[in-house]
Amino acid sequence: MNLADRLFRALMRVLPAEFRHDYEREMAATFRAERREAEGSVNLTRVWMATVADVFRTAPREHLDILRRDLVYAFRMLARRPALTVTATLTLALGIGANTAIFSVVDGVLLAPLPYPDADRLALVEEDEPDDEPGTTGYFSFNALRAENTSFDSMSAFSGWSAILAGDGKDAERVVGARVTWEFFRTLGVRPAIGRDFEQAEDHPARRRVAFVSDALWRRRFGADANVIGKPVTINQVTYTLAGVMPASLTELVTTRRFPDTEIWTLLGYAEELPQACRSCRHIFVVGRIKNGVSVAHAEADLTRVDQLLSTRFPSDYAQPRAVVTPIRDYFLGPVKSVLYLLWGAVGLLLLMACANMANLQLIRASEREEEIAIRRALGVSPVRMLRQLLTEAVVLAALGGIAGGVLAWWATSLLTAYGPDAIPRLDEVGVNGRVLLYALAVSIATGVLFGMAPARMLIGRRDVAGVASRRMTSGPGAWRYRAALITVNVALSATLLVGSGLLVRSFMRLLTVEAGFDANDVLTMQMSLSGQAYAEVPGITRFYDAFSARLRGLPGVVGVSAATQLPLTNNRDRSGITIEGRPLANPGITGGG
Amino acid sequence: LPHPPLTSAEFQVLVALADGEKHGYAIGKEVAQRTDGQVQLRAATLYTVIKRLLEAGLIDEKIGRPDPAVDDERRRYYRLTTRGRKAAEAEADRLEETARQARTKLRPRKA
């Protein structure tokens with residue numbers, strides 16, 4: 001065979017195997033004759049080009065033709081055994097459905113881009129002191145970090161806020177909010193959909209009463225009325241100016257992650273003279289946009305340098321602080337990443353089990369089809385052609401399972417988003433989208449190939465036609481070995497899953513019985529927050545809680561009453577500084593409620 | 001039942017076989033000569049058409065004598081079946097009718 005023949009043979013591989021099997025020799029001979037006839041290199045080139053183009057034009061149609069016939073045949077085979085088909089479909093639906101549902105969470109939570117431009121340059125800045133965990137920072141430190149760093153384009157601080165909307169004739173409504181420094185939205189790279197951004201001059205104790213609302217709050221409370229923008233609204237009994245509405249598409253991750261369901265933003269409006277801005281009052285979060293090309297490690301070193309300067313200047317307020325810079329993706333998604341991947345792995349095992357089960361079912365079904373297949377082979381149907389036919393059947397079955405699994409996943413995903421743990425960020429954005437469907441499709445096809453391949457190979461692997469009735473592959477020693485292997489795999493996978501989930505339940509049970517160090521029996525808790533001018537200063541707050549506790553104590557059945565800023569074991573520490581009753585404040589400055 | 005319209009390549013192959021059995025290469029050559037090189041059936045198209053015509057029963061095949069023009073010891077020869085001849089005739093009629101209608105429509109009208 002010369003080079004041209006070999007090239008032509010390689011080209012032919014584009015065509016279906018069955019077609020090649022029937023016509024390859026003839027086509028090669030025809031092409032050889034054509035080449036011989038085309039004298040001169042120009043003509044020869046033309047023959048080659050026309051032939052190559054012809055093969056590529058013809059191949060797709062031939063493949064589709066075979067696929068169409070295989071599909072018709074596959075559906076006929078499946079319809080002949082409805083019970084088996086339904087069982088198989090349900091088994092696969094469970095495996096594919098569970099996988100798709102978990103993937104939709106992985107996709108929405110981990111893979112989907114964060115809602116900010118250049119989100120990988122955004123990072124949380126925390127303060128880390130020896131013998132402590134990294135956490136919130138103080139306004140005093142933030143000011144120093146913001147002014148003296150060389151590695152951030154911009155930096156903003158934020159803290160929680162509780163806003164009560166009332167006084168507009170509607171029912172009072174408490175809304176979770178955040179107080180942010182003026183460059184907050186600029187740092188994140190988001191702009192209001194309606195209205196203007198905060199201005200620097202407004203970030204001041206006396207001028208700070210400007211608010212932004214989420215699209216949802218604007219629709220719910222203000223009837224989506226564009227006229228309310230720039231108008232006064234009453235929040236916590238104080239008049240604020242409603243400056244704008246954030247885009248509906250924005251789930252503001254940074255504040256919402258810290259203060260779930262944040263719907264309103266106002267200015268922090270701190271000054272260094274304020275009591276809550278004292279050097280040891282560390283209760284604000286800091287987010288920054290790192291300069292292009294600057295590494296996280298470099299930014300961290302830069303901020304630590306500033307922190308160390310503070311510590312030298314105010315040794316009694318700082319104990320060797322160190323800055324910790326964490327990209328927001330790691331900060332918000334890091335904790336759930338391993339859990340989600342673990343879960344994905346677990347449903348992956350589940351799918352493998354479904355595959356092993358399916359391979360077994362297929363094998364049982366194959367034993368009924370041995371003769372049909374042996375006869376078709378004897379009639380000259382090529383092994384590759386048979387393999388293709390059997391794989392098509394498996395993939396059709398997997399596709400049926402995939403469709404049922406898709407429905408299951410859609411249902412499971414809506415359940416997950418509705419009742420999923422709050423600890424998973426962005427869960428409300430999870431949904432069955434195009435990417436998830438593509439994943440389900442890919443998983444279905446891979447599943448079909450996986451469980452269809454082995455039985456198909458076994459069935460067509462035999463060569464002698466005489467053995468139609470005498471040697472049954474699917475019940476011979478080879479088949480038993482194969483089925484034993486399948487059962488082994490199945491048992492191993494189930495054991496892994498069972499032990500894993502058993503350990504999980506056991507850990508949880510033991511966690512429930514851990515000694516907390518206090519008796520939680522018969523203890524009820526409630527959370528409340530005070531707002532408005534009456535509670536703007538400490539004496540008013542103290543008076544309220546004294547009176548409230550006294551009245552609670554008077555209720556029948558109440559043994560004791562206590563109030564605290566944090567409940568035990570809620571993993572949240574109060575870093576707002578200490579005020580000693582009857583002693584002057586370190587930062588007496590101006591105070592303001594709201 | 002009348003045979004559904006044939007593709008141009010199918011029709012050419014049937015016509016090429018009208019005067020007797022031929023192997024694949026000879027069919028291609030006949031079509032090219034008859035159409036003055038206008039229709040060139042390359043290997044892949046030629047044999048997919050042959051396959052389809054065989055399946056439809058419009059042609060059948062037999063193993064024939066070797067042809068020195070094609071250095072292959074065994075050649076498959078194709079010949080028109082009765083059904084194939086009828087289908088080709090019907091197609092020719094259909095084309096003729098199409099051409100007639102087109103000409104009537106295209107003929108310039110006298111004022």
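Scope of the values below: all heavy atoms of this structure, side chains included, with no hydrogens, waters or symmetry mates. Throughout, protein chains are lettered first and strands after them, A, B, ... in sequence-line order, and every chain is numbered starting at 1.
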TODO: Mark yes or no for whether A/Glu26, through its side chain, and B/Arg76, through its backbone, hold a donor-acceptor pair below 3.5 Å.
DONE: yes

- [ ] Check whether more than 12 heavy atoms from other residues, nucleotides or ligands sit under 6.0 Å from atom NE2 of A/His21, and answer yes or no.
- [x] no

- [ ] Work out which heavy atom in B/Ala44 is nearest to a heavy atom in A/Thr58; give both atom names and the distance.
- [x] CB-OG1, 3.6 Å

Open item on the list: Rounded at 0.5 Å granularity, tell me how far OG1 in B/Thr48 sits from CZ in A/Arg57.
Closed with: 10.0 Å

TODO: Count the heavy atoms of every other residue, nucleotide or ligand shown that sit under 6.0 Å from CZ of A/Arg13, and state whether that count exceeds 12.
DONE: no

Task: Salt bridge A/Glu34-B/Lys29, side-chain N to carboxylate O under 4.0 Å - done: no

- [ ] May I ask you to test the B/Arg42-A/Val47 pair for a side-chain heavy-atom distance under 4.5 Å?
- [x] yes

Open item on the list: A quick test of your reading: do over 12 heavy atoms of other residues, nucleotides or ligands sit less than 6.0 Å from CD of B/Gln101?
Closed with: yes

TODO: Please indicate whether B/Arg34 has more than 12 foreign heavy atoms, meaning atoms of other residues, nucleotides or ligands, lying under 6.0 Å from its CZ.
DONE: yes

Open item on the list: So, taking the atom named CG in B/Leu54 and the one named CG in A/Asp22, what distance separates them when rounded to the nearest 0.5 Å?
Closed with: 9.5 Å

Task: Side-chain ion pair, B/Lys51 and A/Glu18, N-O less than 4.0 Å - done: no

Open item on the list: Give me the atom names and distance for the closest heavy-atom approach of A/Tyr23 to B/Tyr47.
Closed with: CD2-CD2, 3.4 Å

Task: Best-contacting candidate, A/Phe19, A/Phe8, A/Phe31, against chain B by heavy atom pairs under 4.5 angstrom - done: A/Phe19

Open item on the list: If you count heavy-atom pairs within less than 4.5 Å of chain B, which of A/Val55, A/Asp54, A/Leu11 leads?
Closed with: A/Asp54

TODO: State, yes or no, whether a side-chain contact exists between A/Glu62 and B/Arg52 at a heavy-atom distance under 4.5 Å.
DONE: yes

TODO: Can you tell which part of B/Ile27 gets under 4.5 Å to a heavy atom of chain A, answering side chain, backbone, both or neither?
DONE: neither

Open item on the list: Applying salt bridge (Lys or Arg N to Asp or Glu O under 4.0 Å), can you list everything that pairs with B/Asp19, at least two apart in sequence or on another chain?
Closed with: B/Lys22

